[in-house]
2 protein chains.
Amino acid sequence: MLTIVAIAETAALLGEPARAAMFSALMDGRALTAAELAATAGVTPQTASGHLGRLIEAGLLVVEKQGRHRYHRLASPAVARMVESIMQVAGAAPRQARPPRVGPADAALRAARTCYDHLAGRLGVGIADALVARGHVELGADGGAVTPTGEAFLASFGIAARLDGARRGRPFCRPCLDWSERRPHLAGVLGASLCVRCLELGWLRRRPGTRALEITHEGRRGFGERFGVDAG
Amino acid sequence: MLTIVAIAETAALLGEPARAAMFSALMDGRALTAAELAATAGVTPQTASGHLGRLIEAGLLVVEKQGRHRYHRLASPAVARMVESIMQVAGAAPRQARPPRVGPADAALRAARTCYDHLAGRLGVGIADALVARGHVELGADGGAVTPTGEAFLASFGIAARLDGARRGRPFCRPCLDWSERRPHLAGVLGASLCVRCLELGWLRRRPGTRALEITHEGRRGFGERFGVDAG
DNA sequence: CCGATGCTAAGGGCGCGGCCGAAGTGTCAC
DNA sequence: GTGACACTTCGGCCGCGCCCTTAGCATCGG
């Protein structure tokens with residue numbers, strides 16, 4: 001099997017704390033510079049450069065040149081799913097009884113953040129729970145689906161247009177285990193559409209330099225009224 | 001982030017050719033002995049023992065003692081999904097224009113095999129294609145769903161009983177990229193149920209010592225009549 | 001033109017970990 | 001019991017690769 005070495009090489013690219021930290025930082029779906037990634041990984045820029053070169057060579061990352069900056073991001077949703085699945089196994093395995101201490105910096109992340117292209121944190125899990133509780137979405141371990149009433153609800157929320165490309169009932173919903181809440185939130189096309197729409201409505205704002213999302217005043221009201229989610 | 005090291009450690013466990021080969025061998029969902037895994041990995045038993053100990057310690061594998069044999073298998077479907085996602089990325093990345101040579105031993109594997117708990121190979125992809133073409137199943141990149149006509153078809157095929165635990169329309173279908181065909185086949189509860197049912201009906205038989213599946217005479221007829229799949 | 005900034009390329013130290021040989025424990029057969 | 005078999009543990013060799021320092025290119029500002 002020649003493919004065995006390809007599997008091992010791919011996995012080994014994630015099997016190093018410095019590179020794993022870079023992937024974790026890139027899991028918000030945005031593009032970061034080599035210097036930013038070096039800082040989050042805790043290595044010098046030239047070491048980070050070597051890592052990034054290998055990751056680009058392997059096709060896990062893509063780079064976009066802008067002036068003297070080079071922005072790196074995950075090459076595809078498939079890479080994001082791979083990292084997700086590894087995080088899920090890594091989080092489930094250890095016998096860490098009590099969750100690691102919650103630093104003040106983590107507080108914002110745990111409240112609301114992006115996970116590649118969709119919402120995560122308490123807000124993401126809360127929205128998923130609300131949609132399931134109201135019968136708009138059904139979630140299992142292996143997939144998710146939007147019900148007819150859910151389609152109507154989503155249309156009224158303004159994201160029907162994005163789903164027109166897919167036929168009615170077409171699967172576009174996927175569960176994604178939240179690393180801080182240890183419960184699933186919504187990923188896939190539906191999750192991405194919800195995230196974009198909330199940003200569009202001004203309910204959420206990206207915080208520069210972090211993957212945390214700020215819930216605006218309108219957002220607090222909107223999430224409560226439309227989803228029954230307490231985003232306090 | 002303390003979790004970074006956990007991610008790196010988990011990924012590193014797969015980032016070694018010997019261990020990657022073991023995972024690949026275990027992806028058929030069955031339990032193998034340490035000696036068998038050592039042989040497929042191309043290392044001595046004592047080296048394999050060390051690897052297996054680490055994998056068990058990390059919770060990726062579970063072991064079952066039977067006499068003087070110790071049978072190892074993947075610890076959970078989550079681990080299988082992780083390996084799947086890595087294989088998908090590893091297979092998509094390289095610029096291997098022509099597929100690796102097809103040995104005679106590989107021929108049976110490419111025709112029909114198990115992938116953890118469901119069907120793969122030409123047969124697995126063929127069944128997925130047939131179900132999609134007939135409107136019984138809808139497949140996207142992020143998930144799949146069974147249509148009402150599909151539910152009726154599956155009930156007539158004798159796997160409705162297994163799905164009773166889940167409500168009607170509940171998601172239980174998931175795409176899984178086939179490494180030999182480079183196209184999706186059916187995974188998740190649906191894929192597993194189809195596999196079990198085909199074995200039950202005597203359409204397929206496991207070949208001892210390999211993950212290849214033998215298509216019986218009844219199977220050849222059955223797949224053609226019920227699915228419109230040429231399993232020749 | 002100059003320096004500063006962002007990143008890349010080469011060279012050496014060094015520690016982690018895979019691998020094997022040899023020896024030890026448990027299990028089955030006779 | 002004795003031997004064979006499956007597997008694990010221990011000790012030591014050795015090489016891969018991570019990291020840093022030093023040096024070399026591009027790009028922007030003045």
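Note on naming: letters A, B, ... go to the chains in the order of the sequence lines (proteins, then strands), and numbering restarts at 1 for each one.
- Taking side-chain N and O atoms only, B:R68 has no distance below 4.0 Å to OP1 or OP2 of D:dA4.
- Judged by distance alone with a 3.5 Å cut-off, no donor-acceptor contact links the side chain of B:E16 to the base of C:dG17.
- Between the CD atom of A:Q46 and the C1' atom of D:dA26 there is a distance of 16 Å, given to the nearest Å.
- For A:R54, the side-chain atoms get nearest to D:dG17 when compared with the rest of C:dT8, D:dG17, D:dC7.
- When B:R113, B:R110, B:R183 are each tested for a salt bridge (charged side-chain N to carboxylate O under 4.0 Å, His left out) with B:D178, only one passes: B:R113.
- Between B:T47 and C:dC20 there is a side-chain polar atom (N or O) within less than 4.0 angstrom of OP1 or OP2.
- One interatomic measurement links the two molecules: CZ of A:R70 to P of D:dC25, which rounds to 17 Å at whole-angstrom precision.
- Tested against B:T216, the residues B:R220, B:E218, B:E214 include a single side chain to side chain donor-acceptor pair (under 3.5 Å) partner, B:E218.
- Considering only side-chain N and O atoms, B:H51 lies under 4.0 angstrom from the phosphate OP1 or OP2 of C:dC19.
- Listed pair B:T44 / C:dC20 meets the phosphate criterion, a side-chain N or O lying under 4.0 Å from OP1 or OP2.
- Of the candidate nucleotides C:dG18, D:dC18, D:dC7, D:dC7 has the atom nearest to the side chain of B:H69.
- For the pair A:E36 CD and C:dG6 P, the computed distance is 10 Å after rounding to whole Å.
- The backbone N or O of A:A6 lies less than 3.5 Å from no partner atom in the side chain of A:T3, so there is not a single donor-acceptor pair.
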